[in-house]
> 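I am attaching a structure below and will ask some questions about it afterwards.
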Amino acid sequence: MNESDIRVRYAPSPTGYPHVGNIRTALFNWLYAKHSGGSFIVRIEDTDQSRSVEGAIENILESLQWLGIDWDEGPIVGGDFGPYLQSERLNIYQEAVDKLIEQGDAYYCICSPDKLASMRKEQQKLGKPPGYDRLCRSAGHSRKDKSGLNRVVRFATPIEGPPVTTDDLIRGKVNVELPVIDDFVILKSDGFPTYHLANVVDDHHMQISHVMRAEEWLPSTPRHLLLYKALGFDPPIFAHLPMILGSDRAKLSKRHGATTLLEYRDEGYLPEAMLNFLVLLGWSLDDKTEVIPLTELIENFSLSRIGKSPAIFDITKLEWMNGIYIRSMPVEQLAEHIKGYNYHQKKDVSTSLLDNDYIKQIVELVQDRVRKVSSEEIWSLTSFLLVDDLNYSIDLNPKGLGKSETASAIRSVISELESTKDFNVSTLEPSLRELAKELNLSTRHLFGAIRLAVTGSNATPPLFETMVVIGRDRVIKRLHVALAILEEMGSTK
RNA sequence: GCCCCCAUGGUGUAGCGGCCUAGCACGCCACCCUUUCAAGGUGGAGAUCAGGGGUUCGAAUCCCCUUGGGGGCACCA
């Protein structure tokens, strides 16, 4: 096969919002296409009308777009093999079904769901492989029943023959014996195909070269292989990707908290970090490299380095990775990201403090200190920069310093600051260091006292930088307020 | 119950018969830097390579069994 003939696809069903596992599958397919110069196709598998979820398609596409995963063919962009919504391809599946029935490889079945359920129950009790008992296989039922309703169509799985072998790129040869494959439904009574049929027919017509999908599909691949054969199609190359599991080692579901991809965006994770983290769940570059820019990812991605065992999604490592990307990002860009989270809508934020230059200054202070860019994260570190008046909820005495000492230190600081003209780091630092010496206080104590008074917190960005951003007037005002509190406390005791 | 897949520290992984008394990263601990918090740097704890049999001069690496985990078994995908 020519490299440019490589055509891979992501085929989600709009029955919910995609979680990180789904998107990781999309990512691997996309990376493989990018690496090989092939095409990445998005196909929406909306053959289950009853389970379709409002807004799911939009969410799927938005998830891909957020990560920067673009598609060569699919919704919005179109392509030569469309339509890319299975619900618009019903005639194609019907054609395949007709062919199979004509060949004797499929038949109409009249068995009721109730009957099938009790049959399965009985089989399980007897320890037999569960599956349709083929009652209708040779009955020669017609398409519609007496009341004119459509009947389901089942595939006539060969009764005897060698085991079906899936030659998987990741797992090697996987054999399944024919007797454990039952006569599965390929066309539902509502006229829609089942996944098995639609998937096979579309992958063939869309000339998909490699089917990379989650491992949960491995058990049904023999059915697909049987369909390819019956329809006279050459099967694609299969690669079943390891699953991503929740911390309880079970398949990802709503139970695992934030699972849909876009929730991570909303929580303050950067798409670059998420993409980098996701690719490491099941793939590795070498024995040490983990932070890998996208261009290198595309250049080096290979199917041979995809692992076999399932991975557990570890949020703490994602946070670390996110911090790496935050720190390597230009301040302006990071500021844009942060503004996107609308932190300024916090109710206490002073609207006079929202210009871009001020936000940029704040970002410079927190860039080394945050692991997420959400409003909560930024707020918790910088709320004292964003409000006019502080609401002290902390002891204003630094550890090891008494109230009266703190108060007199603050008094000295006020007069020092009021007498100096310049208010920038290069003047602030030496003069306050000098003051500490004069007062015979350790910098730890003096700076600690200032920090508490000016920020109301004992964990802040570097003091002088922070003071400059707060601004001379606000700093002095806050020092006065803090002093008043200290004096009041002193007098009542 | 039946079928299939998987198995290296808590987590993500490297390893594809000798380089392994098992490397890297996250997390954890300590120290350094330092006005606090981070970031950064250095060091440390943590794996009888699930267990047991083989094969081999030699196995985390190959084979078998056991155990554990996961997935699948719908007119869902």
Side-chain angles (χ1 to χ4, degrees), chain A residues 11-16 45-48 50-51 109 111-113 116-117 120 123-132 150-154 166 168 170-171 174-177 179-182 184-190 192 194-196 198-199 214-222 240 242-243 245 247 249-251 277 280-291 305 307-321 323 327 366-371 381 398 429 432-433 436 442-452 455 457-464 466:
Chain A
S13 70
T15 52
E45 309 221 325
D46 56 345
T47 55
D48 185 341
S50 61
R51 287 207 312 156
C109 173
C111 297
S112 72
L116 295 171
R120 270 189 290 270
Q123 286 164 334
Q124 206 166 88
K125 224 168 75 185
L126 294 171
K128 287 185 174 169
Y132 179 57
N150 284 322
R151 288 163 169 162
V152 306
V153 177
R154 287 182 182 276
T166 303
D168 190 275
I170 294 170
R171 280 149 228 286
V174 178
N175 297 314
V176 172
E177 301 287 341
V180 301
I181 308 172
D182 73 343
F184 52 98
V185 173
I186 56 175
L187 193 71
K188 299 181 265 186
S189 56
D190 62 2
F192 278 70
T194 59
Y195 169 84
H196 304 300
N199 195 260
E215 195 198 328
E216 56 186 316
W217 297 109
L218 189 55
S220 57
T221 306
H240 286 92
M243 311 262 300
L245 308 175
S247 49
R249 302 190 163 272
K251 203 171 155 180
F277 175 72
L280 258 19
L281 259 32
W283 179 86
S284 61
L285 176 59
D286 55 30
D287 59 344
K288 51 176 87 69
T289 317
E290 301 213 281
V291 179
R305 291 196 66 85
K308 298 177 179 188
S309 47
I312 290 166
F313 189 85
D314 177 22
I315 190 90
T316 59
K317 187 152 183 174
L318 204 214
E319 277 187 20
W320 163 77
M321 180 77 74
R327 273 170 259 129
V366 298
Q367 186 162 24
D368 272 1
R369 276 158 261 273
V370 293
R371 293 193 148 204
L381 253 70
E429 177 154 6
L432 289 175
R433 277 189 191 283
S442 66
T443 48
R444 184 186 201 83
H445 282 148
L446 208 226
F447 296 172
I450 302 173
R451 169 173 293 106
L452 284 162
T455 70
S457 167
N458 50 24
T460 74
L463 184 59
F464 309 116
T466 304

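Letters A, B, ... are given to chains in the order of the sequence lines, protein chains preceding strands, and every chain is numbered from 1.
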> Quick one: look up who B/A47 pairs with, Watson-Crick or G-U, both distances under 3.5 Å, and put none if it's unpaired.
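WC or wobble partner does not exist here.
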> Look at the side chain of A/R444 and the base of B/U35, then say whether one donor and one acceptor between them are separated by less than 3.5 Å.
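Answer is no: no donor-acceptor pair is held.
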> Under 4.0 Å, counting only non-hydrogen atoms across every strand here, what does A/G127 touch: a base, just sugar-phosphate, or nothing?
sugar-phosphate
> Checking all strands, does A/S457 fall into the base, sugar-phosphate, or nothing category for heavy-atom contacts under 4.0 angstrom?
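Nothing, no nucleic acid heavy atom in range.
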> Once you apply the 3.5 Å cut-off to both distances, tell me the Watson-Crick or G-U wobble partner of B/C57, or none.
B/G18
> Only pairs with both distances under 3.5 Å count, Watson-Crick or wobble alike; so what is the partner of B/A7 in this structure?
B/U67
> Using only atom types and a distance under 3.5 Å, with no angle test, would you say the side chain of A/K317 pairs donor to acceptor with the backbone of A/F277?
no
> Let me spell it out: for each of A/W320 and A/L126, pick the nucleotide of RNA chain B with the closest heavy atom. Which residue's pick is nearer the 5' end?
A/L126
> Considering only B/C2, B/C26, B/C76, which nucleotide approaches the side chain of A/T194 most closely?
B/C76
> Out of B/G71, B/C76, B/C5, which has the shortest distance to the side chain of A/D48?
B/C76
> Using the C1' atom in both, what is the distance from B/A7 to B/G44, to the nearest Å?
29 Å
> Using distance alone, with no hydrogens and no angle criterion, decide if A/T221 and A/H240 have a side-chain donor and acceptor under 3.5 Å apart.
yes
> Send over the distance from A/R451 CZ to B/U34 C1', rounded to a whole Å.
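Atom CZ in A/R451 sits about 11 Å away from atom C1' in B/U34.
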> To the nearest Å, how far apart are A/R249 CZ and B/A7 P?
12 Å
> Using Watson-Crick or G-U wobble geometry with both distances under 3.5 Å, which nucleotide pairs with B/C2?
B/G72
> Answer yes if the side chains of A/S457 and A/T455 hold a donor-acceptor pair under 3.5 Å, and no otherwise.
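Judged by distance alone, the side chains do not pair up.
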> Output the single nucleotide from B/G1, B/A77, B/C4 whose closest atom is nearest the side chain of A/P130.
B/G1
> Between the side-chain atoms of A/K288 and the base atoms of B/A14, is any donor-acceptor pair under 3.5 Å?
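Looking at the base of B/A14, it does not pair with any donor or acceptor on the side chain of A/K288 (distance under 3.5 Å).
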> Checking contacts here: which listed nucleotide (B/C5, B/C76, B/C26) is nearest the side-chain heavy atoms of A/R171?
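In terms of side-chain proximity for A/R171, the closest of B/C5, B/C76, B/C26 is B/C5.
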> Nearest of B/U36, B/C6, B/G71 to any side-chain atom of A/P310?
B/C6
> Using a heavy-atom cut-off of under 4.0 Å over every strand shown, decide if A/P461 touches base, sugar-phosphate, or nothing.
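If one applies the 4.0 Å heavy-atom cut-off, A/P461 turns out to touch a base.
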